[in-house]
*Asks:* 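Pasting a structure here, questions to come.
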Amino acid sequence: MPNSVASQTLFLYSTTVSDVGTVRSNNQDSAFAGEHLIAICDGMGGHAGGDTASTIAIRSLAHIEHDDVNGDVSTVARMMETSVMAAHDAIVGKAKRERKLAGMGTTMTAVALVAGYWVLAHIGDSRAYLLRDGRLTRMTQDHSYVQHLIDTGRISPAEARNHPQRNVVMRVLGDFDIDPHPDIAIRAAHPTDRWMLCSDGLCGVLEDSTIEQTLTAYSDQEECAQQLVSMALKAGSTDNVTAVIADATLALDADAFDLPHQTPLVAGAASASLEPIADILNEPVATAPMLRDANASPAQRAAALIQSQPASQPSPRVAQPSPRVAQPSAVREENGERANPDTGEIPVIQKRDGHVTDDPNDPDVAKAIHHERQTQRKETRKRGRRNRLIAILIVIAALALATGGAFGAYRWSQTKYFIGNADGVVAVYQGVNTNVFGLALSHEVKRTNIDIDSLPQAWRDQLQDGITFNSYDEAIQHVQVIRQEKSNFNDNSNTSKSSGDAGNGTSDSSDSSDSSGSNGTDGDSSAGSSQTDGGTAGDTGTDASSTGTDGGDAQ
């Protein structure tokens, strides 16, 4: 592996075009196009998650644009792998801290030009194509389920295009329990090499032959990217569509004063994070050109694409918004602009010489990452302890509230009294005639000698349910009422019984008189005998008359 600058100095010209497409509501793709680095990231994981994941990945790789380490290809290859792993850790960390981002991730495909060599890093199902000498070669292998089916001979590439699980990715950066290590490849660079990086919104609908034809037909990089994105939309892509085009150019005079130069371009979701990227590169960065008719409706886009221009007649350019350019923090401070806060997950460090970097290989950045992780762990532990303490306090407060409520209810119940049944007699109870979880809320305070069975049925029913009073005195007064009612009830019962007995005695006397009159001289004895017989047999005056008649016969 060469570690010195190649004899022929190559420069990289690149551009990128990204579009949200006709179906999605937001663009989760992110792309970078610089002089030494090009990259494409296809985010996934919801409205906010995909945006965030792809932006973090671009920010993690951006430092490679100027950190070529004096043309040491092996070092840059290790640097790219470390940066990809740092992006993975940052995405996972952010997903754990923010629940709404759980499950987010991103693909990543990047190519760096270092000392006449291409260094390729790849994970996921975004693709990198190399056009060399008019021949297109796919330089990446999709880390997808359908690619696994193709490799094992279960389906053909044609069948894979319409397979229902064609979007299932088996390796990706992010909040997933899968291998995040990227594939790393190194290949010698040739003048006129043309790279095309794209998300699956493009390569998923366009055949490789169509891509090859377009890359060959359009020499202008931006025009080529515009055509590829437009054709993907015309072919019915339902995803975000992004293309990065980069050409290797041989400088005739590597020592010339005016060497080729371009401002790095950022597209897609990462374009909302220009200032942090400008700080990383310590140079201006700009937003990439938009798709020419990006503001048109899907119907207008389709109508415009139907009338596509042949390769020899490029589509006329239309007015587009001016690209936004972000200056590094030093320039922003000089211009009096407010410094944008660093919202990324990888710390941006300013060196003593004024150089700004977020390269995870840099000792200062590694130290900052370590310090940040320690701080986060301490904060997590502190937050955990605080949450546990809050939970304990809530439980204690709930128990105290329940205990206070129960005690208050019990105290209130003890201000009440009722008269009820206690082993068959009337008794006075303090409390209410109920229980809670088997605990009685009343106790006996006075037992009387009033037998409940001696009371009328209406009284028995009331005493069974309990007759409630607001004070003990009221309860005692009612006991006296019950006692009095019992006495009246018993007196009435005795009176009724006495009246019945008196009625029987009068009838006997009449019979006796009648009997005496009939018997004459023996009437008294016969009457007495009749009364005795009547008392013994329990018979009425009929028996007495019969006795008297017998007496007459005897006489």
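Along the sequence shown, residues carry numbers from 1. This structure is a prediction, so every number in the text was calculated from the model and none was measured.
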*Asks:* Asn449: what forms a side-chain contact (heavy atoms from CB on, under 4.5 Å) with it, not counting sequence neighbours?
*Replies:* Arg483
*Asks:* Would you mind listing every side chain to side chain donor-acceptor pair (under 3.5 Å) that reaches into residues 102-112, with sequence neighbours excluded?
*Replies:* Thr107-Ser126, Thr109-His122
*Asks:* Tell me whether Ser14 contacts the main-chain N or O of Gly34 through its side chain, where contact means a donor paired with an acceptor under 3.5 Å.
*Replies:* yes
*Asks:* Calculate, to the nearest 0.5 Å, the distance between atoms CG and CD1 belonging to Leu265 and Ile38 respectively.
*Replies:* 12.0 Å
*Asks:* Does the side chain of Phe32 reach to within under 4.5 Å of the side chain of Leu37, using non-hydrogen atoms?
*Replies:* yes
*Asks:* Using the test salt bridge (charged side-chain N to carboxylate O under 4.0 Å, His left out), find all partners of Asp451 that sit at least two apart in sequence or belong to another chain.
*Replies:* none
*Asks:* Return the minimal non-hydrogen interatomic distance between Ser442 and Val432, and the atom names on each side.
*Replies:* CB-O, 3.4 Å
*Asks:* Just verifying a value: how many Å separate Arg383 CZ and Lys378 NZ, rounded to the nearest 0.5 Å?
*Replies:* 14.5 Å
*Asks:* Do Met44 and Met104 make a side-chain contact, defined as non-hydrogen atoms from C-beta onward lying under 4.5 Å apart?
*Replies:* no
*Asks:* Please name the residue in the list Ser271, Ser273, Ser54 that meets the side-chain hydrogen bond (donor to acceptor under 3.5 Å, both in side chains) test with Ser30.
*Replies:* Ser54
*Asks:* Looking at side-chain heavy atoms only, is the closest gap between Pro264 and Leu281 below 4.5 Å?
*Replies:* yes
*Asks:* More than 12 foreign heavy atoms under 6.0 Å from CD of Glu444: is that the case here?
*Replies:* yes
*Asks:* Look at Arg171 together with Asp183 and state whether they make a salt bridge at an N to O cut-off of under 4.0 Å.
*Replies:* yes
*Asks:* Are the side chains of Leu202 and Leu228 in touch, meaning some heavy atoms are under 4.5 Å apart?
*Replies:* yes
*Asks:* Will you find, in the side chains of Ser18 and Asn27, an N or O donor that is under 3.5 Å from an N or O acceptor?
*Replies:* yes
*Asks:* Could you tell me if the side chain of Val331 sits less than 4.5 Å from the side chain of Ser329, heavy atoms only?
*Replies:* no
*Asks:* Quick one, Phe469 with Tyr417, criterion ring-ring contact (aromatic ring centres under 6.0 Å, His included). Give me CA distance, side-chain angles, the key distance, then yes/no.
*Replies:* CA-CA 5 Å; Phe469 302 95; Tyr417 293 84; 9.1 Å; no
*Asks:* To the nearest 0.5 Å, tell me how far Arg127 CZ sits from Arg138 CZ.
*Replies:* 4.0 Å
*Asks:* Side-chain contact test, heavy atoms from C-beta onward, threshold under 4.5 Å: evaluate it for Val111 versus Val119 and give yes or no.
*Replies:* no
*Asks:* Just do the side-chain contact (heavy atoms from CB on, under 4.5 Å) check on Thr242 and Leu197 with the steps written out, would you?
*Replies:* CA-CA 8 Å; Thr242 304; Leu197 310 185; over 6 Å; no
*Asks:* Would you say the side-chain atoms of Asn26 pair up with the backbone N or O of Val20, donor to acceptor, closer than 3.5 Å?
*Replies:* no
*Asks:* When rounded to the nearest 0.5 angstrom, what is the spacing between CE in Met80 and CE in Met108?
*Replies:* 6.0 Å
*Asks:* Are any of the side-chain nitrogens in Arg324 or Glu275 under 4.0 Å away from the carboxylate oxygens of its partner?
*Replies:* yes
*Asks:* Answer yes if the side chains of Gln430 and His443 hold a donor-acceptor pair under 3.5 Å, and no otherwise.
*Replies:* yes
*Asks:* How far does CG of Leu463 sit from CG of Leu455, to the nearest 0.5 angstrom?
*Replies:* 6.5 Å
*Asks:* Once rounded to the nearest 0.5 Å, what's the spacing between atom OG of Ser230 and atom CG of Asp19?
*Replies:* 8.0 Å
*Asks:* Which word best sums up how the rings of Trp118 and Trp195 line up, parallel for under 30°, tilted for 30 to 60°, or perpendicular for over 60°?
*Replies:* perpendicular
*Asks:* Show your reasoning for whether side-chain contact (heavy atoms from CB on, under 4.5 Å) applies to Val76 and Asp72.
*Replies:* CA-CA 6 Å; Val76 173; Asp72 191 326; 5.6 Å; no
*Asks:* When you compare the side chain of His148 with that of Asp142, does any pair of heavy atoms fall below 4.5 Å?
*Replies:* no
